[in-house]
Novice: 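Would you mind keeping the following structure in view while I ask a few things?
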Amino acid sequence: MPLPTNVTRLRLVAPRRKMLGISVATGFIFFLLFMTITLSIARSHHAESSNRLAIYAQNYVTNLLAELRQRLQPLQDATGVTSCDQARNDLIERAAFAPNVRAIMLVKNGVAFCSSATGPMSLAVKRLSPLTDLVKRVDIRLIPDTPRVPGKPAIAVWLSHASRPGDGVFVTLNVNLTPYLMLVSRHPDIAGMAIATRDNALTTWNNGVIPVAQLPEHPLRKIPVADYPLTLYFYGETLPSEDVHLILLAGLLLSIIAVGVCFQGLMLCQRQEKAIAQGMKRGEFHVAYQPVIEASTGRTYGLEALLRWTHPIEGQIPPDAFISYAEEQNLIVPLTRHLFQLIARDAHQMCQVIPAGTRLGINISPLHLRHPTFRQDVLDWLAAMPQNHFDYIFEITERAMVDDRGADEIFHWIHQQKIKIAIDDFGTGHSALIYLEKFKFDYLKIDRCFVLSIGTETVHSPVLDAILSLAQKLNLSTVAEGVENEEQALWLIKGGVSHMQGYLFSRPRTVAQLVDYFNSLPASGDRPIPAV
């Protein structure tokens, strides 16, 4: 039921601190999402960049070794010569035009007998590279140095003769990491690399040959060189710390902006003139139904439909706040239409358990009563309700009669629709007695403030006696609101009140709770009431 307009209107917008809290939470969520997505994209970008680097390095080494094999392949026939002098010039020429070649040696039965660097010689390959496997078609090892270039690591490449085991070409290569260092310098996420054979490795951070077991664990990339016993290792960070710091700074700045935008947006969206309209669109309103009890029998006689608003930030908004505000801002008509829609939706579910003929009371604002669309709004609502199941009561406050121009006509039209009229909050408004004489009413609702005066000596006590006496003389049914204890109920029954509602019988209930309420009623539908 609408309450007097002098009730202080509650602010409908959320307090600034709550909106600030929501804004900060939104900014934090934005920060987390931004960091997660941006870091993921950055990692993906760096991973793709690292892959390109690794593939480029792999192709570089593969092409280098393939070119070397192609240049040295004709020397396989020279391994069968009897004198180094026959092949030396060819060795020198090929060594001169092959990149990074330290020496090319012809080998017979595992012994190097001719070198591009020294000419005739006799030195077992195992002395130069103990781990080289002469049985393999191609074998590559890292050696710490060579006799002519001590202290300088080299790559030892063995190319075996196709038909004469132990014969072949043995080549020592200078380890030139300059191309790899240039590649690494272009990728900040790569801190270093290593070239490894089966047993030894050479790194960009160490001048000597080290065992493969001493390489750091978990390389960023590990790339085997196809067709060769050689592996490239790349080390570094998945995401450079400089990039993380930059992304973190950007995330903080954007989150601060997001907090400001969200706060301003909430301020805009929660303006009072938009709060109710948005609440209807978002489904924040619902209807609670409070049972009305027949005083003489305890039977559930009817229901009063009470509009409730659960604001997503503020929580439960008191009806006196938003109804008064809706009337002030000319929103009461769309709000009542919304109430009609909610009741019609609920009614089709409630009629499954609620007996036919149950009275359904609805509060009607005086402003809607005088609105040009009122009659059509009512007709549309009646058409949407279950047919021939409910009896309807419009509860109208005395404020509807203050400006009584056309009131008698509209009341007559309401009765023509078989809708009864209750004067609500009787005795709290203006010249109530004049309205009882001038207009035809079916029910008189006694305000809660009079019920609370029962058993006390207040100014309301004699007024309540007068209201009950007047109702009996005018043959009006009475409904006492706010009955909370048996003492009040007993007094009202003795005073001749025909109907009661209040927490003593039931609080306002949702549809689901109302279904449970009616299912729990005795077969007779009566509730025990205090004995008179």
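Here, residue 1 is the first one in the sequence, and each next residue gets the next number. Keep in mind it's a predicted model, so treat the numbers as computed, not measured.
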Novice: What I'd like to find out is whether the side chain of T231 reaches to under 4.5 Å of the side chain of K222, using heavy atoms alone.
Specialist: yes
Novice: Measure across A344 and M385 and return the closest heavy-atom pair with its distance rounded to 0.1 Å.
Specialist: CA-SD, 3.4 Å
Novice: Closest heavy-atom contact between N485 and L504?
Specialist: O-CD2, 3.5 Å
Novice: Considering non-hydrogen atoms only, spot the tightest contact between V451 and L492 and give its length.
Specialist: CG1-CD1, 4.3 Å
Novice: Should E284 and Q278 count as side-chain neighbours, where that means a heavy-atom distance under 4.5 Å?
Specialist: no
Novice: Looking only at heavy atoms, which two atoms of T478 and G496 are closest? And how far apart?
Specialist: OG1-O, 4.0 Å
Novice: So Y503 and Q290, do their side chains get closer than 4.5 Å, heavy atoms only?
Specialist: yes
Novice: Run T203 and Y233 through side chain to side chain donor-acceptor pair (under 3.5 Å) and show every step you take.
Specialist: CA-CA 9 Å; T203 70; Y233 293 84; over 6 Å; no
Novice: Any Lys/Arg nitrogen of R375 or E409 sitting under 4.0 Å from an Asp/Glu carboxylate oxygen of the other?
Specialist: yes
Novice: In terms of side-chain geometry, is the basic nitrogen of R299 or E294 positioned less than 4.0 Å from the acidic oxygen of its partner?
Specialist: yes
Novice: Does the side chain of R337 come within less than 4.5 Å of T373's, by heavy atoms?
Specialist: yes
Novice: Under the side chain to side chain contact (heavy atoms under 4.5 Å, CB included) rule, collect the residues that match up with Q416, sequence neighbours excluded.
Specialist: H412, W413
Novice: How close do M500 and A489 get, counting heavy atoms only, and between which atoms?
Specialist: SD-CA, 3.9 Å
Novice: Is there side-chain contact between L32 and F34, with heavy atoms separated by less than 4.5 Å?
Specialist: no
Novice: Below 30° counts as parallel, above 60° as perpendicular, anything between as tilted: where do the rings of F441 and F439 land?
Specialist: perpendicular
Novice: Considering only distance and modelled atom types, tabulate donor-acceptor pairs under 3.5 Å from the side chains of residues 349-360, sequence neighbours left out.
Specialist:
from : atom 1 : to   : atom 2 : distance (Å)
T358 : OG1    : P355 : O      : 2.7
R359 : NE     : Y301 : OH     : 3.0
R359 : NH1    : G357 : O      : 3.2

Novice: Taking the side chain as everything from C-beta on, heavy atoms only, tell me whether L254 gets closer than 4.5 Å to F31.
Specialist: no
Novice: Under a 4.5 Å cut-off applied to non-hydrogen side-chain atoms, are I195 and L232 in contact?
Specialist: yes
Novice: Taking the six-membered ring for Trp, are F411 and F394 ring centroids under 6.0 Å apart?
Specialist: no
Novice: Could you check I364, V378, I362, I393 and say which one makes a side-chain contact (heavy atoms from CB on, under 4.5 Å) with I419?
Specialist: V378
Novice: Using the test side chain to side chain contact (heavy atoms under 4.5 Å, CB included), find all partners of D442 that sit at least two apart in sequence or belong to another chain.
Specialist: H415, K420, I421, K440
Novice: What I'd like to find out is whether the side chain of H371 reaches to under 4.5 Å of the side chain of H368, using heavy atoms alone.
Specialist: yes
Novice: In this structure, are over 12 heavy atoms from other groups packed under 6.0 Å from N388 atom CG?
Specialist: no
